[in-house]
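For reference, the structure is listed below as structure tokens.
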Amino acid sequence: MIAIIFSLLLLVIVLGFYQWHRTALVLFGISLIISLLTLFHLMTDKLQVTL
Amino acid sequence: MTAFVRTLNALLILVYSSIIAMAFFLQFFAGEVPCPLCYLQRVGMIGVSIGVFLNLVYGVRLYHYAFSLLSAVVGGTVSIRQILLHVCPDFPTFGVPFWGLSLYTWAFLTFVASVIYISLLLILYRPEQSAKPLQWNWFEKLSILLLLAITAGNVFSVLNQCGLGLCE
């Protein structure tokens with residue numbers, strides 16, 4: 001999952017070079033949302049371990 | 001003024017790229033294997049850099065700064081989460097401390113600093129800066145190349161360590 005986030009960020013940079021502005025921004029937003037979801041998944045996972 | 005603001009943007013990219021390069025150094029030469037939360041903090045750092053990178057490519061826009069600020073909030077949230085995991089007394093910290101603070105505490109401080117820095121850049125914002133730049137100078141080229149290399153390095157590092165999973 002984290003590899004996908006980094007790949008998306010790399011894609012954003014590459015698309016930035018090739019003037020795909022809106023697509024880059026959309027992918028950037030998606031990668032941030034996936035990061036937050038991953039964080040929440042990790043938090044609930046730890047919670048289960050604690051409980 | 002526009003050139004000055006663009007240089008400040010490139011400086012932010014350079015600083016964050018250097019921080020992640022140091023993390024790579026610790027990873028490969030000091031044996032500090034990153035945890036999933038560490039990788040998510042790197043995502044936040046790269047996100048902040050990408051927001052200002054878009055400023056260098058397309059001209060300074062307010063929504064580029066907004067993306068940088070959002071990334072700083074995401075990264076800061078992850079850092080806070082990791083700080084809180086280790087905040088109890090007698091609970092072991094993760095990794096070797098640097099100047100008395102753990103790396104995730106330093107990461108949180110950098111995210112706070114980046115929010116302040118971008119706020120100052122927003123004060124300097126003028127609409128005439130949004131004109132598309134014609135050419136990058138050597139400093140901007142260096143920062144962009146570093147950002148590209150650091151991001152690609154992280155892709156390979158995560159794929160090598162965790163594959164497509166969550167590094168659990």
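Keep in mind that what you see is a predicted model, and the values were worked out from it rather than measured. What you see below is based on every heavy atom in this structure, not just the backbone, and it leaves out hydrogens, waters and symmetry mates. Proteins come first, then strands; the chains are lettered A, B, ... in the order of their sequence lines, and each starts at number 1.
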Interatomic distance, B:F67 atom CZ to A:L25 atom CG [nearest 0.5 angstrom]: 5.0 Å

Common cluster, A:I5/A:L37, ILVMFWY with side-chain heavy-atom separation under 4.5 Å: no

A:I2 side, atom CD1; B:C162 side, atom SG - distance, nearest 0.5 Å: 6.0 Å

Counting neighbours of CZ on B:F139 that are heavy atoms of other residues, nucleotides or ligands and sit closer than 6.0 Å, is the number greater than 12? yes

Can you measure from CD1 (B:I80) to CG (A:L39) and round to the nearest 0.5 angstrom? 11.5 Å

Grouping I, L, V, M, F, W and Y whenever their side-chain heavy atoms are under 4.5 Å apart, do B:L145 and A:Y18 come out in a common cluster? no

Heavy-atom proximity to chain B below 4.5 Å, by part of A:L10: both

Just by modelled atom types, is the A:F6 backbone N or O under 3.5 Å from a matching donor or acceptor in the B:Y39 side chain? no

B:V43 side chain reached by A:S31 side chain, heavy atoms, under 4.5 Å: no

For B:L54, is it the side chain, the backbone, both or neither that has a heavy atom under 4.5 Å from a heavy atom of chain A? side chain

When clusters are formed by joining ILVMFWY residues with side-chain heavy atoms under 4.5 Å apart, either directly or through shared neighbours, do B:Y16 and B:W136 land in the same one? yes

Paired with A:L9, the side chain to side chain contact (heavy atoms under 4.5 Å, CB included) test is passed by just one of B:L147, B:I50, B:N154, namely B:I50

A:I33 versus chain B, the contacting section by heavy-atom distance below 4.5 Å: neither

If you count the non-hydrogen atoms of other residues, nucleotides and ligands that lie under 6.0 Å from CZ in A:F17, is the total more than 12? yes

Between chain B and each of A:I4, A:V12, A:T38, A:V14, count heavy-atom pairs under 4.5 Å; write down the option with the most. A:T38

Pair B:R81, A:L42 - check side-chain contact (heavy atoms from CB on, under 4.5 Å), show working. CA-CA 10 Å; B:R81 165 66 182 163; A:L42 288 170; over 6 Å; no

Run the ring-centre check on A:F28 versus B:Y63 and record whether the distance is less than 6.0 Å. no

Between atom CG of A:L8 and atom OG1 of B:T151, what is the distance when rounded to the nearest 0.5 Å? 12.0 Å

Single-linkage hydrophobic cluster B:Y125~B:V48, side-chain heavy atoms < 4.5 angstrom: yes

Determine the interplanar angle of the B:H64 and A:H21 rings, folded into 0 to 90°, and report it as parallel if under 30°, tilted if 30 to 60°, perpendicular if over 60°. tilted

Minimum heavy-atom separation for B:V74 to A:S35, with atom names? CG1-CB, 4.1 Å

For each of B:S71, B:S49, B:S157, tally heavy-atom pairs with chain A at distances under 4.5 Å, and name the one with the top tally. B:S71

What are the two closest non-hydrogen atoms of A:A3 and B:V158, and how far apart are they? N-CG1, 3.5 Å

Treat each ILVMFWY residue as a node, draw an edge where side-chain heavy atoms are under 4.5 Å apart, and state whether B:I13 and A:L11 are in one component. yes

